[in-house]
Amino acid sequence: MPSRAANTEVRSARRPGVHAVGMTGAVLGLVSLVALPFATFRSSRIQTGDDLSALASLGPWWLGAIAAVWVALVVLSLGNDRREAASAARGLLGAVAPLGTLMLSAVAAERLLADGPEFARVSIGMGAWACMIAGYMVVLASRRELADRRALAAVLGALAPVGIVVLLASGTLANLGMLKEYASQSERFWAEVGAHVLFAAVSMAIAIVAGVSLGVLAFRRPPLKRPVFAVVSVFQTIPGLAMVGLLFAPLSWLGANVALFERLGVGGLGWAPVILALTLYALLAVVRNTYAGLEGVPPATVDAALGMGMTEWQVMRRVRIPLAMPALLGGVRTSTVQTVGNATLGAFVAAGTLGLFVFGGLSQQASDLIMLASLAIVAMALLADGALRAAQRLLLPARTSAEGTCDR
Amino acid sequence: MTRFKPFIAPVLGLTLYLAIAAAPAVLAGVLGALFPGETRVLYPDATPLELVWQHVRLVGISSALSVLIGLGMGVFVTRPAGADYFDVVTDLTNLGQTFPPVAVFTLAVPLLGFGLEPTVLALTLYGVLPVLRNTVAGLTGLSSEVIESADGMGMRPAQRLLRVELPLAAPLIMAGVRISVIVNVATATIGAVANAGGLGAPIINGLVNLDPAVTLEGAVLVAGLALILDAFLVAAERVWDPAGRLRAA
């Protein structure tokens, strides 16, 4: 691995050439400012928008200010200086760039709305999004360079996300179209977030119980391994929307003809197809990782447990499953992230979820609404991923640190 | 010839699938028998074959682009020239894979617009990630002895890449391609909402109008397409596996 070798060379040193990632980020940022639309102006929420350049939306002074951040990054990236201070300074500029861009989007919105019609909307443009991504890329690079300084790296990494939350909470961004959408229907928004979380959580709970059981079954009864895996892979291969479609007729029939199901509200529409489709889709990763985890338990450990007089079942419960936990949780994490995305399908079967806003927005061509709901889904996926990572670390401190050191 | 034996089943499946899609009368007959009360049994705006073609075109173009970009970037960051980007590309792919594909698609629509081209672009964007990740994993996972012996044989870096590294990494890369294509088939189903056509259109149309037959038409056709494509790509992984033997040895 050539790259690893290069990166583990003496960290605190100047190297020949430019700092590639810093320079790429800065150039990308500057080019986006010049060549891509910074903001989009709509005379009402569902009009097609006019793209505005950074100069037109910000005016010369503000444009100069944000360009100065990128120019400073160019200067800092001219020498390939990997000493701590230089890495930290680049990371800081990288974090300031997306936050500054976001704040300037709000400034642009204020400027443009001042002399626009009453229901006008201003949205963040391609160029502004590109600037934010470019900035965060530089942050990621600095974090790696400062891997020895854990606290510093963590602060740099958290700066942009925490900053965004602060900006949102303080109302600085209230003029942006996305937040106007939110303000006009915040109650419904949170209700759908609740439905989204509930659907994802219930489906995951069922998928974990069923998936772990199937994984253990496949492990204990080798002839069943192939059929179990074949079936759960088919579930994951079939697109979620198709699964909902396939379940529509049978569930409608069950709801109409079986009294118990009718009373539970089972039908082709509603909660039943969503929970069922999400659960089936989530099985594969849980089953696969459970199986891999069980298989990865060292035979010597199992022998020792058997030697202590444990029964097969005790070995499974007290040795194999605990040792398989890291792999198992990894599977749960993969599935959860998928489930958070797929829960949007609820919108197609009258079950709500944030999908309602996303697809409602798509059919009305209301861009701000689509953006708001999509970003909320992304945020939920990132949060779920982060929480499960943290859980992995908390449950298995010794194990994770061992994993950390074998960074090939 | 035995080499191509894994392809027999998928080819038979595909033939059957196309025969069904090409015979709307048969499909309408079956759906009509299943749902006797329904007046509408087939999606009215396009024939099944047209829908399949729209879907395949959407997935085909975006997956081809995803593979080209993912493979290219994966090779680049594992060469000395691109080594500086290795970490950042790894971090960004890991982060990107936490984004739900549906959300990536729906985020792209307001920025890129409605219709076919933006949908292709959005699908491509997400599809790059699994290919890139597996290419990097495949190329960095090779043992240093293999690399050294290739160098010892006097291979130039480009030769070593084409004749040793990529063939050895091929099964892993193919696995990434498979994930990418299957995710694209699923996300393209949602593409109907952005006027990109495809097999999602009858599903959504049927669900909205409470037409079980129309929904089933789309659902069966897209599920079949996903399963057949998956079978083809699994077969390709098997055929393309000189490395499996080498690694096992």
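Quick note on labels: first sequence line is chain A, next is B, and so on, each numbered from 1.
Counting only heavy atoms from C-beta outward, the side chains of I377(A) and V102(B) never approach each other to under 4.5 Å. Contact check for N342(A) versus P100(B): no side-chain heavy atoms found under the 4.5 Å cut-off. For the pair V109(B) and M371(A), the minimum side-chain heavy-atom distance is 4.5 Å or more. I190(B) has its side chain within reach of L345(A): a pair of non-hydrogen atoms, C-beta onward, lies under 4.5 Å apart. A 4.5 Å side-chain heavy-atom check between D91(B) and M137(A) finds every atom pair outside the cut-off. For the pair F359(A) and I204(B), the minimum side-chain heavy-atom distance is 4.5 Å or more.
The choice from D385(A), V244(A), L246(A), D368(A) that makes the most heavy-atom pairs within less than 4.5 Å of chain B is L246(A). Of all the listed residues (G113(B), A186(B), P110(B)), the one sharing the greatest number of non-hydrogen pairs under 4.5 Å with chain A is P110(B). Contact count against chain A (heavy-atom pairs under 4.5 Å) is highest for L111(B) among I147(B), L111(B), V104(B). Among the candidates D51(A), V21(A), L269(A), T334(A), the residue making the largest number of heavy-atom pairs closer than 4.5 Å to chain B is V21(A). The greatest number of non-hydrogen atom pairs below 4.5 Å with chain B, out of L241(A), V337(A), L382(A), is found for L241(A). Interface remark: of the candidates A376(A), A373(A), G341(A), S374(A), S374(A) forms the most heavy-atom pairs closer than 4.5 Å to chain B. Interface summary for chain B: among A350(A), A242(A), G245(A), the most heavy-atom pairs under 4.5 angstrom belong to A242(A).
Of the two parts of T344(A), only the side chain, counted from C-beta on, holds a non-hydrogen atom closer than 4.5 Å to a non-hydrogen atom of chain B. The part of D211(B) that comes within reach of chain A is its backbone (N, CA, C, O), which places non-hydrogen atoms under 4.5 angstrom from that chain. F348(A) touches chain B through backbone and side chain together, each having a heavy atom under 4.5 Å away. Contact of V349(A) with chain B is made through the side chain alone, with heavy-atom distances under 4.5 Å. Residue E217(B): no heavy atom, backbone or side chain, is found under 4.5 Å from chain A.
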Stepwise side chain to side chain contact (heavy atoms under 4.5 Å, CB included) test for N195(B) and Q365(A): CA-CA 11 Å; N195(B) 300 333; Q365(A) 311 218 348; 4.3 Å; yes
Stepwise side chain to side chain contact (heavy atoms under 4.5 Å, CB included) test for L210(B) and F248(A): CA-CA 9 Å; L210(B) 299 180; F248(A) 181 55; 4.1 Å; yes
Worked check of side chain to side chain contact (heavy atoms under 4.5 Å, CB included) between L112(B) and M126(A): CA-CA 9 Å; L112(B) 305 169; M126(A) 271 285 265; 4.1 Å; yes
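Taking all atoms of both residues into account, the shortest heavy-atom contact from V88(B) to A141(A) is CG2-N, 3.8 Å. Minimum interatomic distance between I182(B) and T237(A) (heavy atoms only, all atoms of both residues): CG2-O, 3.9 Å.
Distance check: T189(B) OG1 to M243(A) CE gives 12.5 Å after rounding to the nearest 0.5 Å. Here the CE atom belonging to M23(A) is positioned 12.0 Å from the CG atom belonging to D84(B), to the nearest 0.5 angstrom. Atom-to-atom distance recorded for L107(B):CG and W129(A):CH2 is 7.0 Å, nearest 0.5 angstrom. Going from atom CG of L95(B) over to atom CD1 of I133(A) covers 10.0 Å, rounded to the nearest 0.5 Å.
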